[in-house]
Chemist: 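Quick one: the structure is below, and I'll ask about it shortly.
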Amino acid sequence: MIVAVASGKGGVGKTTVAVNLALAAEEEVILLDSDVEEPNAHLLLRPEIEKETPVPLLVPVFHRERCTGCGKCIEVCAYHALALIGRELLIFDKMCHACGGCIYFCPEKALTEGERVIGILQEGRAGKVRFVQGRMSVGEALAVPVIKKLREKQGAHTIIDCPPGTSCPVIQAVKGADFCLVVTEPTPFGQHDLRLLIEMLRVLKVPAGVIINRADLGDEEVEEYCRQEGIPVLLKIPFDLEIARSFAAGVPFVARLPRWRQAFSDLWQRLKRKGVRA
Amino acid sequence: MKEIVVLSGKGGTGKTTLTGVFATLGQRAVLADADVDASNLHILLNPVKEYEEPFYGSQQPVVDQNKCTRCGVCTQLCRFDAIDHGEVDELNCEGCGVCFHGCPEKAITMEPVLSGHLYRGSTPYGPFVWAELGIAQEASGKLVARVKEVAREIARQEDRLLVVDGPPGIGCPVIASVSGASLVLAVTEPTAAGKHDLGRLLSLTRHFGVPLAVCLNKATLDEEMADKIEEFCREEGVKFLGRIPFAREVVKALIHRQPVTEGPVAEAMQEVWRRALSLL
């Protein structure tokens, strides 16, 4: 079972839900932190990192001696990542999407494949939770290739802590999951971004259930929306200073509050039984 | 023309709430929302839409099935698993056009994709530019760049300050929103995650040579962690603009879809803005 934990709006509790769920599940689960721009799950889980693997991206390497200045590479590059001045080719690495077009279509084979590291995967363990996170290097623009590499690490029971929003990195993190837990807060911001994410999940054909965090700080509109759309509300977590301070200090709250360990364990069971329809 | 971009690294620390408070200060400014895949500032500013433009952010292959011989060259060439013997998977496609250039039957054309919309409107606080990326569309960085282009044009013409509510993270859309900024105002929170993500954002702004100043929202939720973050800023030589307390009134104002204007949170945010403006 692959469960993605996502939210349109940032800072509503994705990481809290993903880590607490991983800790409360009775089986060994793999927790993937796919928020590669700002990975935070390790701050709560505190795993021992055992292995680091660089994530390379293909980049063109230029061989001036073979170039005739024909300009075919410039013509095929959709990302404006190349500029040709006489027979000197400038390669703007960070604009390159690694499509391979310039390499395939250069008639003189003046471009060959090289690699550039754009991030790392870090693997480890905390108790019975296997943990893998992607970390994109600072200054890089493309999160998707790092997330793609991270998804190769998923196993039989996997929980994916996703990046916020609804654009390409989120799609890469959620695609192919069996279920998406959508975390939100009961405010106009939370509701607005919830709707966008639900629409995205419908395009991806991933079934969804909602977790309302800080459920007592807001209004009824999120629940009303879920009712209208037939989306189950699976859990409500109230605003609680003890929960907020646990997160602040980097402690998963199931470790401090046994009734919440039970609640997350029950949720995991429901997800496994597919007992999550509205 | 000066430009302040409000960022945070971590989501949900209060970027939009803080930008909403700025709007109420009566400064001559243009406001823009660069969080194009989950924009929220329009909820607080309630703009009257005056202009709308479609945004074509990328291209996708369209296959003429009469010409396609199912040879599979496109499948071999595509590095994104986005085309299988002439069948396109739009979600995987990055619009590179390799299939188009490589198709031996010339069965593929590249067509522009409507990726979203950009809007300009008026609010009680000044002109406002925002955008919506279409569902499951890419090219968010390009749409951010377009939002900034339109907003800058107004700011230049009307000699106004530009204030941009930015996206979370440190990737493509954030890099697009930082580009050309006079100052990044980072909003963080007193949590381990807030501190970690602020560190990554600081590395990013240093990488691009943009000055950064920090304010700490919801500071009273954990005073000890708040001290650590202020200490971190001192050690890094980063300007610290102040602490904003946590208060439930902020949520109440949000429920009424209005910027928070009264109480200790509004006062502390107003003070942060005065200090930020003095850095320009």
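Here is how names work: the chains are called A, B, and so on, in the same order as the sequence lines, proteins then strands, and each is numbered from 1.
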Chemist: Of the listed residues (A:A78, A:C99, A:G101), which shares the most heavy-atom pairs with chain B below a 4.5 Å separation?
Modeler: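 Winner by heavy-atom pair count: A:C99.
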
Chemist: What are the two closest non-hydrogen atoms of A:F189 and B:T16, and how far apart are they?
Modeler: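 Between these two residues, the closest heavy atoms are CZ-CG2, 3.5 Å.
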
Chemist: Tell me which of these, B:L77, B:T13, B:L221, has more heavy-atom pairs under 4.5 Å with chain A than the rest.
Modeler: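 Looking at each option in turn, the highest pair count goes to B:L77.
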
Chemist: If you count heavy-atom pairs under 4.5 Å between each of B:M225, B:K252, B:R248, B:E224 and chain A, which one has the most?
Modeler: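 The candidate making the most pairs under 4.5 Å is B:R248.
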
Chemist: Answer yes or no: is there a donor N or O on one side and an acceptor on the other, between the side chain of A:H192 and the main chain of B:S39, under 3.5 Å?
Modeler: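 It does hold such a pair.
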
Chemist: If I take atom CZ from residue B:R79 and atom OH from residue A:Y104, how far apart are they, to the nearest 0.5 angstrom?
Modeler: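 If we round to the nearest 0.5 Å, B:R79:CZ and A:Y104:OH are 4.0 Å apart.
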
Chemist: Determine the minimum heavy-atom distance between B:V98 and A:F105, stating which atoms define it.
Modeler: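 Minimum heavy-atom contact is O-CZ, 3.5 Å.
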
Chemist: Heavy-atom distance under 4.5 Å to chain B: side chain of A:V12, backbone, both or neither?
Modeler: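 Nothing of A:V12, per the 4.5 Å heavy-atom cut-off to chain B.
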
Chemist: Once you measure the plane-to-plane angle for B:F246 and A:F239, does it fall in the parallel (<30°), tilted (30-60°) or perpendicular (>60°) bin?
Modeler: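 If you compare the ring of B:F246 with that of A:F239, the planes turn out parallel.
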
Chemist: Among A:Q172, A:E113, A:K94, A:R214, single out the residue with the greatest number of heavy-atom pairs under 4.5 Å to chain B.
Modeler: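 Most pairs with chain B among the choices: A:E113.
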
Chemist: Among the options A:C168, A:G13, A:P39, A:S7, pick out the one with the most heavy-atom pairs lying under 4.5 Å from chain B.
Modeler: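 Of the options given, most contacts go to A:P39.
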
Chemist: Out of A:G8, A:A244, A:G218, which one racks up the most heavy-atom pairs below 4.5 Å with chain B?
Modeler: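 Option with the top pair count is A:G218.
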
Chemist: Given the rule in the side-chain contact (heavy atoms from CB on, under 4.5 Å) test, do A:K175 and B:N92 qualify, once you have shown the distances and angles that lead to the verdict?
Modeler: CA-CA 10 Å; A:K175 210 161 48 178; B:N92 280 358; 2.3 Å; yes

Chemist: First locate atom CD1 of B:I175, then atom CD of A:E140, and finally report the distance between them rounded to the nearest 0.5 Å.
Modeler: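 One gets 7.5 Å once the value is rounded to the nearest 0.5 Å.
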
Chemist: At a heavy-atom distance under 4.5 Å, which candidate from A:L58, A:L197, A:D35 has the highest pair count against chain B?
Modeler: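 Sorted descending by pairs with chain B, the first entry is A:L58.
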
Chemist: If you apply the rule side-chain contact (heavy atoms from CB on, under 4.5 Å), what do you find for B:L133 with A:T166, and how did you get there?
Modeler: CA-CA 9 Å; B:L133 193 68; A:T166 60; 5.7 Å; no

Chemist: To the nearest 0.5 Å, what is the distance between CE on A:M200 and CD on B:Q137?
Modeler: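 It comes to 12.5 Å.
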
Chemist: Just verifying a value: how many Å separate B:H101 NE2 and A:C77 SG, rounded to the nearest 0.5 Å?
Modeler: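 Spacing of NE2 (B:H101) from SG (A:C77) equals 9.5 Å.
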
Chemist: Heavy-atom pairs under 4.5 Å with chain B - which of A:V76, A:L196, A:L241, A:V36 has more of them than the others?
Modeler: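 With the most close heavy-atom pairs to chain B, the winner is A:V76.
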
Chemist: More than 12 heavy atoms of other residues, nucleotides or ligands under 6.0 Å from NZ of A:K236: is that the case?
Modeler: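 Open.
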
Chemist: Side chain from CB out, backbone as N, CA, C, O: work out which of these in A:A98 comes under 4.5 Å of a heavy atom of chain B, or both, or neither.
Modeler: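 The answer is the backbone of A:A98.
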
Chemist: Against chain A, label B:H256 side chain, backbone, both or neither, depending on which of its atoms sit under 4.5 Å from a heavy atom there.
Modeler: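 B:H256 has no heavy atom closer than 4.5 Å to chain A.
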
Chemist: If you count heavy-atom pairs under 4.5 Å with chain A, which of B:V251, B:I255, B:D222 comes out on top?
Modeler: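 It is B:I255.
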
Chemist: What part of A:L44 lies closer than 4.5 angstrom to a heavy atom of chain B: side chain, backbone, both or neither?
Modeler: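 Looking at A:L44, nothing touches chain B.
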
Chemist: Just how far is it from atom CD of A:E38 to atom OG of B:S8, taken to the nearest 0.5 Å?
Modeler: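 If I round to the nearest 0.5 Å, the distance is 8.0 Å.
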
Chemist: Would a distance-only check, ignoring hydrogens and angles, find a side-chain to backbone donor-acceptor pair under 3.5 Å from B:D37 to A:S167?
Modeler: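 Side chain of B:D37 to backbone of A:S167: a pair is present.
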
Chemist: Sort B:Q59 into side chain, backbone, both or neither according to what part of it lies under 4.5 angstrom from a heavy atom of chain A.
Modeler: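 Neither part, no heavy atoms under 4.5 Å.
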
Chemist: With a 4.5 angstrom heavy-atom cut-off, which part of A:K14 approaches chain B: side chain, backbone, both or neither?
Modeler: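 Neither; nothing under 4.5 Å.
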
Chemist: Quick check on A:E75 against chain B: is it the side chain, the backbone, both or neither that has a heavy atom closer than 4.5 Å?
Modeler: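 Its backbone and side chain both get close to chain B.
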
Chemist: Distance check, rounded to the nearest 0.5 Å: A:L217 atom CG versus B:L254 atom CG?
Modeler: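 These two atoms lie 10.5 Å from each other.
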
Chemist: How far apart are the closest heavy atoms of B:A193 and A:F247, and which atoms are they?
Modeler: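 Of all heavy-atom pairs spanning B:A193 and A:F247, the closest is CB-CZ, 3.8 Å.
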
Chemist: What option among B:H207, B:K218, B:R200 has the most heavy-atom pairs under 4.5 Å with chain A?
Modeler: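 Looking at each of B:H207, B:K218, B:R200 in turn, B:R200 comes out on top.
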
Chemist: Relative to chain A, which segment of B:P190 carries a heavy atom at a distance below 4.5 Å: side chain, backbone, both, or neither?
Modeler: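 Answer is backbone: N, CA, C or O of B:P190 sit under 4.5 Å from chain A.
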
Chemist: Let me know if B:F100 has heavy atoms under 4.5 Å from chain A in its side chain, its backbone, both or neither.
Modeler: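 Neither part, no heavy atoms under 4.5 Å.
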
Chemist: What part of B:L204 gets within 4.5 angstrom of chain A, counting heavy atoms only: side chain, backbone, both, or neither?
Modeler: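 B:L204 touches chain A through backbone and side-chain heavy atoms alike.
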
Chemist: Using heavy-atom distances under 4.5 Å, tell me whether B:E90 contacts chain A through its side chain, its backbone, both, or neither.
Modeler: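 For B:E90, there is no contact with chain A at all, as no heavy atom is under 4.5 Å.
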
